[in-house]
Asks: 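Would you mind keeping the following structure in view while I ask a few things?
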2 protein chains.
Amino acid sequence: MDSRGSGLREIKKQMTRESIAEAAFKLVIDKGLDHVTIEEIAQEAFISPRTVSNYFSCKEEAVVAAGSHDWPTIIENFERRPADEDPLHALSEIFVDYANTQTRQQSRLRAQKLELTETYPSLRRFQIAEYDQFEDELRTVIAARTGTQVDTDMYPSLAAAAAVSVIKSATNVWVRSGADPEQLAALFAEAFAQLSAGLPSPTRRRPEHSPKPVTLAARSDAS
Amino acid sequence: MDSRGSGLREIKKQMTRESIAEAAFKLVIDKGLDHVTIEEIAQEAFISPRTVSNYFSCKEEAVVAAGSHDWPTIIENFERRPADEDPLHALSEIFVDYANTQTRQQSRLRAQKLELTETYPSLRRFQIAEYDQFEDELRTVIAARTGTQVDTDMYPSLAAAAAVSVIKSATNVWVRSGADPEQLAALFAEAFAQLSAGLPSPTRRRPEHSPKPVTLAARSDAS
DNA sequence: CGGCAATTTGCGCAACAGGCAAACTTCTGT
DNA sequence: ACAGAAGTTTGCCTGTTGCGCAAATTGCCG
């Protein structure tokens, strides 16, 4: 009955899943996407080819599953928040906290993955799909929490999309500017700040691009 | 040299492309995604199977290519705008105009397509990818126009993502509330308004769920 | 008209998705 | 603790697919 069920079985499944994903990722990094077959992945993960197909619908899905963000935890943290808090405010703090718990290991992996998704359009599709699914779950909980209807009010969709776009945008800029683990949190905060200010055009905030990369050191204070 | 090349050839290519997409779409509507083969699509479009593969990497891509939004025109309209205008303000007006030019035919097609993408996850991936590509182009022009760097400033990414999320959210709500061609433009405007207000939580705008759902989604006969 | 470049097509092949059923592992009730 | 239920892995199989290659076809331009 319970999908979060029965100890050992679930653990093993999770382990195989990760095992396959890591094998796929490693192989694609080494040999390039189209020189990797399902059979190789299976071999690398000590498992039969047929089982790989049981877990993922294709190589691409497996590759992208490696080193993903911990979406369930983020959702849980969100639901733990006081019910009357502004959703975007809550998410801002959650993301900042999340960024601060990321290890160097994870950062490096993330950067590698971004490189892969920029090289292979087919991988990109699956990467985007992952974000999209998270956005969907987020939309649902936001709707529940604000008492709005997903079918008739755009707010849940817009808010969820905004939050996800913060992750994407901040992560991108962060990777391109050296992927310093310290700075991701600041970028999240900055992005949410821009959002709640209504995304004013920067031509009115800053005439030219600044020599120092970004205003990262600035702690976001309430405007 | 010129990608917008030499008359007849380009026209024919465009026609075959559409022809394939429409064939694929029609067949999938009729028989369901996994009972349609490339060979059937080819037959329906009066060309060889091999040629289908020349245009699309798989069925899914072909299906989704049918009845897409006219992204190039939207981009062009954006570039035609006065250079110092706030990007989101410009996009708001452009989308509203765009919505007003949509025919009933197109509306119906769009609704059907949404149904398909909700039924088949594999189609959804390609649908999302299409939006994502537009977002990418939008990001580039927004960056150019505001004099920001895509690599160091999050604004172009956030603004582009916001605009695209407006299209997605508004279209969704619009389809779910009957897909009345008159109302899409209003939804666009409303969504942009929420954005530039910083996406305030509706719990502070409206204490409880209201009898009249949303100003715009409500089927008011005051047309 | 004639040669050039782009496009279509047929052929072939390795790879793949996914149904099916048998072997095997974990779980549950007693 | 044990037997049967429930879930997972695996091998086998078949129709489908993606794509490289080269030949035939078609539009293009002097």
Side-chain angles (χ1 to χ4, degrees), chain A residues 1-21 23-24 27-28 30-65 119-126 129, chain B residues 1-21 23-24 27-28 30-65 119-126 129:
Chain A
M1 291 285 196
D2 197 359
S3 67
R4 290 283 174 182
S6 352
L8 212 159
R9 203 161 248 175
E10 287 301 317
I11 292 176
K12 273 191 136 180
K13 271 186 78 167
Q14 217 47 43
M15 279 181 43
T16 352
R17 189 181 177 80
E18 265 182 46
S19 172
I20 298 173
L27 285 172
V28 171
D30 288 352
K31 315 174 51 178
L33 180 60
D34 22 42
H35 299 120
V36 172
T37 72
I38 298 230
E39 198 166 340
E40 285 174 304
I41 298 174
Q43 215 164 352
E44 180 88 11
F46 303 102
I47 218 169
S48 93
R50 186 61 182 80
T51 302
V52 175
S53 291
N54 274 343
Y55 281 84
F56 301 99
S57 72
C58 59
K59 325 180 236 196
E60 286 84 358
E61 195 172 359
V63 173
V64 165
T119 308
Y120 302 102
S122 56
L123 286 185
R124 179 160 242 271
R125 275 195 271 283
F126 283 88
Chain B
M1 297 277 197
D2 196 2
S3 67
R4 292 284 172 192
S6 354
L8 211 159
R9 209 160 241 176
E10 286 302 317
I11 292 176
K12 271 191 131 181
K13 272 186 77 168
Q14 217 45 45
M15 278 180 45
T16 4
R17 190 180 176 79
E18 266 182 46
S19 169
I20 297 172
L27 285 172
V28 170
D30 287 352
K31 314 173 51 179
L33 180 61
D34 22 46
H35 298 120
V36 172
T37 72
I38 299 234
E39 197 167 340
E40 284 173 305
I41 298 174
Q43 213 163 355
E44 181 88 12
F46 302 102
I47 52 174
S48 92
R50 186 62 182 80
T51 302
V52 175
S53 291
N54 274 344
Y55 280 85
F56 301 100
S57 72
C58 58
K59 322 179 240 196
E60 285 83 359
E61 196 173 355
V63 173
V64 166
T119 309
Y120 303 102
S122 57
L123 285 186
R124 178 160 243 270
R125 274 197 268 288
F126 283 88

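Here the structure is a predicted model, which means the values were calculated and not measured. Convention: sequence-line order gives letters A, B, ...; per-chain numbering from 1.
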Asks: Tell me every residue that passes side-chain contact (heavy atoms from CB on, under 4.5 Å) with A:Pro49, counting only those two or more places apart in sequence or in another chain.
Replies: A:Glu39, A:Ala42
Asks: Rounded to whole angstrom units, what separation is found between the CE atom of B:Met15 and the C1' atom of D:dT26?
Replies: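 My rounded result for the distance is 15 Å.
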Asks: Among C:dT26, C:dT7, D:dT10, which nucleotide has an atom closest to any side-chain atom of A:Ile47?
Replies: D:dT10
Asks: Measure the distance from NZ on A:Lys12 to C1' on C:dT25 and round it to the nearest whole Å.
Replies: 7 Å
Asks: Give a yes/no on whether any side-chain N or O of B:Tyr55 is located under 4.0 angstrom from OP1 or OP2 of C:dT7.
Replies: no
Asks: Measure CD/A:Gln14 against P/D:dT9 and give the value in whole Å, please.
Replies: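 Distance, rounded to whole Å: 12 Å.
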Asks: Please give the angle, rounded to 10 degrees, between the axes at the start and the end of the helix from C:dC1-D:dG30 to C:dT30-D:dA1, where five pairs define each axis.
Replies: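 The end-segment axes of the helix from C:dC1-D:dG30 to C:dT30-D:dA1 are tilted 40° relative to each other.
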Asks: Within the pair A:Ser48 and D:dT10, is there a side-chain N or O less than 4.0 Å away from OP1 or OP2?
Replies: yes
Asks: Choosing from D:dG11, D:dG27, D:dT10, which nucleotide comes nearest the side chain of A:Asn54?
Replies: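 For the A:Asn54 side chain, the nearest candidate turns out to be D:dT10.
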Asks: Show which side-chain atoms of residues 14-21 of chain A pair as donor or acceptor with protein atoms under 3.5 Å away, not counting sequence neighbours.
Replies:
| unit_1 | atom_1 | unit_2 | atom_2 | d |
| --- | --- | --- | --- | --- |
| A:Thr16 | OG1 | A:Lys12 | O | 2.6 |
| A:Thr16 | OG1 | A:Lys13 | O | 3.2 |
| A:Thr16 | OG1 | A:Tyr55 | OH | 3.4 |

Asks: Once you round it to whole Å, what is the distance between P of D:dG11 and CD of A:Gln43?
Replies: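 The distance from CD of A:Gln43 to P of D:dG11 comes to 12 Å, rounded to the nearest Å.
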Asks: Any side-chain heavy atom of B:Leu33 within less than 4.5 Å of one from B:Glu60?
Replies: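 B:Leu33 reaches B:Glu60 side chain to side chain.
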Asks: Considering only side-chain heavy atoms of A:Leu8, which listed nucleotide, D:dT8, C:dT26, C:dT8, is closest?
Replies: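 Nearest to the side-chain atoms of A:Leu8, counting from C-beta on, is C:dT26.
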Asks: Can you name the residues that form a side-chain contact (heavy atoms from CB on, under 4.5 Å) with A:Gln43, not counting sequence neighbours?
Replies: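 Per chain and number, A:Gln43 pairs via side-chain contact (heavy atoms from CB on, under 4.5 Å) with no residue.
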Asks: Could you work out, with side chain to side chain donor-acceptor pair (under 3.5 Å) as the rule, every residue matching B:Thr37, not counting sequence neighbours?
Replies: none
Asks: Produce a footprint string for nucleotides 13-20 of chain C: one letter per nucleotide, 5' end first; B if the base is under 4.0 Å from any protein heavy atom, S if only the sugar-phosphate is, - if neither.
Replies: --SSSBBB
Asks: I'd like to know if A:Arg9 reaches the base of C:dT25 with its side chain such that a donor and an acceptor end up less than 3.5 angstrom apart.
Replies: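 Present.
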Asks: Output the rounded distance in Å from NZ (A:Lys13) to C1' (C:dT26).
Replies: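 For the pair A:Lys13 NZ and C:dT26 C1', the rounded distance is 13 Å.
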